[in-house]
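See structure below.
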Amino acid sequence: MTRTQVAIIGAGPSGLLLGQLLHKAGIDNIIVERQTGEYVLGRIRAGILEQITTDLLREVGVGTRLDAEGTVHHSIELVFAGTRHAIDVHGLTNGQVVTAYGQTEMTRDLMAARSGASLPTVYEAADVEVLDYDGDKPRVRYRKDGQTHEIACDFIAGCDGFHGVCRASVPKGSITEFEKVYPFGWLGVLADVPPVSPHAIVYANSERGFALCSMRSPTRSRYYVQCPLDDKVEDWSDQRFWDELRRRLDPEMASRVITGPTIEKSIAPLRSFVAEPMRFGRMFLAGDAAHIVPPTGAKGLNLAASDVKYLSGAFIEYYRDKTSAGIDSYSERCLRRVWKAERFSWWLTTLMHRFPDTEGFGQKVQEAELDYLVNSESLSRSLAENYVGLPLNFGER
Ligand code: APR
Ligand code: PHB
């Protein structure tokens with residue numbers, strides 16, 4: 001039986017970042033991942049990092065490529081009623097920014113750091129089970145190469161995403177789940193063309209539905225349009241996508257969109273989801289294992305980072321200071337931040353998207369709120385401070 005201090009389930013951003021934070025603090029950890037590393041890297045996901053996230057990446061020594069290739073954004077732009085308005089995020093938050101850097105690249109950097117430090121990661125682990133986490137001798141069991149393996153540990157970190165085994169292993173009576181499913185999806189494309197707005201993420205509310213203009217690099221664009229939940233990727237030719245995107249932007253920006261063949265095209269549903277609590281004895285949930293946000297506010301990856309910042313701090317306090325204070329307060333601290341990010345993501349999604357009942361009146365009310373927002377310094381500041389990420393100790397006394 002292998003032994004470690006913290007067994008981490010999942011080698012996505014949460015698990016990998018937690019592994020590096022623990023390693024830096026001298027805490028042994030093993031990651032057990034269901035897929036191959038290539039499969040994990042093949043997932044096209046988020047791309048906007050809060051300063052808390054970029055600070056954590058630098059803290060664990062994986063900020064070099066981020067600093068060289070990431071694109072810092074000082075503002076965002078809102079398009080509605082055919083006009084575009086800039087929100088000076090940097091100015092409204094006393095100098096905070098967000099950085100465009102693909103989750104794939106962040107994951108690649110964390111994987112390279114982990115293997116560079118020769119830290120143990122079990123890929124292609126099948127039938128993972130989390131055992132005895134409500135006692136003081138938790139174990140992880142998995143199968144690989146026809147053998148059954150067990151890991152004895154002090155703690156289990158459930159970083160295994162929305163469809164993982166950790167949350168699913170908790171007895172129904174010990175967990176409360178809150179969920180809201182939105183009546184539309186996002187059709188996203190990647191294309192190796194220069195982004196129409198290299199210095200700001202653009203969010204568009206139009207009568208035809210939501211659109212978003214983002215980027216992965218100065219030569220790679222990331223675009224989304226809201227689409228019906230029952231749409232299929234094959235319903236959307238490249239030409240149909242580019243035409244629809246331009247219809248949802250203001251005329252000046254639409255005229256500047258550089259089109260080209262898409263290299264990735266997918267449709268994702270939108271949901272808000274929170275599981276409470278996030279701690280079960282000696283098992284802790286982090287990232288998508290515990291919560292999901294609609295991508296509108298770009299919070300998913302950043303909440304995963306703040307969860308593991310809190311969790312790594314709790315483990316460090318346990319081993320170094322011999323106190324369980326951080327462990328005991330982990331769930332409450334995370335959930336205070338999670339719910340504020342859930343609120344912001346829900347609010348921005350509700351403001352920017354066309355809902356089945358968003359008829360004439362609903363559209364006019366959305367446009368009125370947007371017109372109020374772009375002309376109100378206080379509401380713009382509220383948007384900006386949530387967009388860059390609230391401080392980790394926000395509201396704590
Ligand atoms: N056993 C082992 N590993 C598992 C299991 C299991 N039973 N189930 C899932 N996993 C792995 C998945 O293969 C995945 O690599 O756990 C990992 C979870 O990674 P993510 O789903 O990316 O979740 P997280 O690390 O919390 O990152 C959140 O990823 O999904 C995006 O939008 C989300 O940007 C956010 C970020
Ligand atoms: C992205 O670049 O994928 C992205 C940017 C901003 C969002 C959501 C997604 O709000």
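Every number for a ligand or one of its atoms is a count from 1 in the order of the listing.
- With respect to the salt-bridge test (charged N to carboxylate O, under 4.0 angstrom), the residues Asp328 and Arg279 qualify.
- Between Tyr182 and His353, the distance from one ring center to the other does not fall under 6.0 angstrom.
- Distances from atom 24 (P) of ligand 1 to the heavy atoms of Gly300, Ser14, Gly287 put Ser14 nearest.
- Counting only distance, with no hydrogens or angles, the side chain of Lys299 and the backbone of Asn386 share a donor-acceptor pair below 3.5 Å.
- At a threshold of 4.5 Å between non-hydrogen side-chain atoms, the residues Ser214 and Pro195 do not count as touching.
- Here is the list of ligand 1 atoms found below 4.0 Å of a heavy atom in Gly161: 18 (C), 21 (O), 23 (O).
- Below 3.5 Å of separation, one finds an N or O of Pro13 facing an N or O of ligand 1.
- Distances from atom 29 (O) of ligand 1 to the heavy atoms of Gln103, His163, Arg43 put Gln103 nearest.
- Taking every non-hydrogen atom of Ile48 and a distance limit under 4.0 Å, the qualifying atoms of ligand 2 come out as 5 (C), 6 (C).
- Side-chain contact, Arg114 with Asn29: a donor N or O sits under 3.5 Å from an acceptor N or O.
- Checked against a 6.0 Å centroid threshold, the rings of Phe184 and Phe210 do not count as neighbours.
- Side-chain atoms of Asp28 and Thr4 include no donor-acceptor pair closer than 3.5 Å.
- A salt bridge does not link Glu105 to Arg216: none of the charged nitrogens lies less than 4.0 Å from a carboxylate oxygen.
- In terms of modelled atom types and a separation under 3.5 Å, the side chain of Ser75 and the main chain of Asp88 share no donor-acceptor contact.
- Between Arg139 and the choices Asp134, Asp154, Asp132, the salt bridge (charged side-chain N to carboxylate O under 4.0 Å, His left out) rule is met once, by Asp132.
- Ranking protein heavy atoms by distance to atom 6 (C) of ligand 1, first place goes to Arg34 CB, 4.0 Å.
- Atoms of ligand 1 found under 4.0 Å from any heavy atom of Ile9 (numbered from 1 in listed order, with element): 1 (N), 2 (C).
- Each of the atoms 6 (C), 7 (C), 10 (O) of ligand 2 lies under 4.0 Å from some heavy atom of Tyr203.
- More than 12 heavy atoms of other shown residues, nucleotides or ligands fall within 6.0 angstrom of atom CZ in Phe178.
- By the criterion of a heavy-atom distance under 4.0 Å, the side chain of Leu212, and not its backbone, is placed next to ligand 2.
- Residue contact check: Leu301 has heavy atoms under 4.0 Å from atoms 34 (O), 35 (C) of ligand 1.
- By the criterion of a heavy-atom distance under 4.0 Å, the backbone of Val32, and not its side chain, is placed next to ligand 1.
- Only backbone heavy atoms of Cys159 (N, CA, C or O) come within less than 4.0 Å of ligand 1; its side chain stays farther off.
- For atom 30 (O) of ligand 1, the closest non-hydrogen atom on the protein side is Arg45 NH1, 2.5 Å.
- For a threshold of 3.5 Å applied to N or O pairs, the pair formed by Gln35 and ligand 1 contains no separation below that value.
- Using a 4.0 Å cut-off to heavy atoms of Pro295, the atoms of ligand 2 that qualify are 7 (C), 8 (C), 10 (O).
- Looking only at heavy atoms of the protein, atom 19 (O) of ligand 1 is closest to Gly12 CA, 3.7 Å.
- For the atom pair Leu370 CG and Met352 CE, the distance stands at 5.5 Å (nearest 0.5 Å).
- Considering only non-hydrogen protein atoms, atom 11 (C) of ligand 1 sits nearest to Glu33 OE1, 3.3 Å.
- The closest approach between a heavy atom of Ala125 and any atom of ligand 1 is not below 4.0 Å.
- Numbered from 1 in the order shown, with element, the atoms of ligand 1 that lie under 4.0 Å from a heavy atom of Asp288 read 23 (O), 26 (O), 28 (C), 30 (O), 31 (C), 32 (O), 33 (C), 35 (C).
- From the protein, the heavy atom lying nearest to atom 1 (N) of ligand 1 is Val128 CG2, 3.5 Å.
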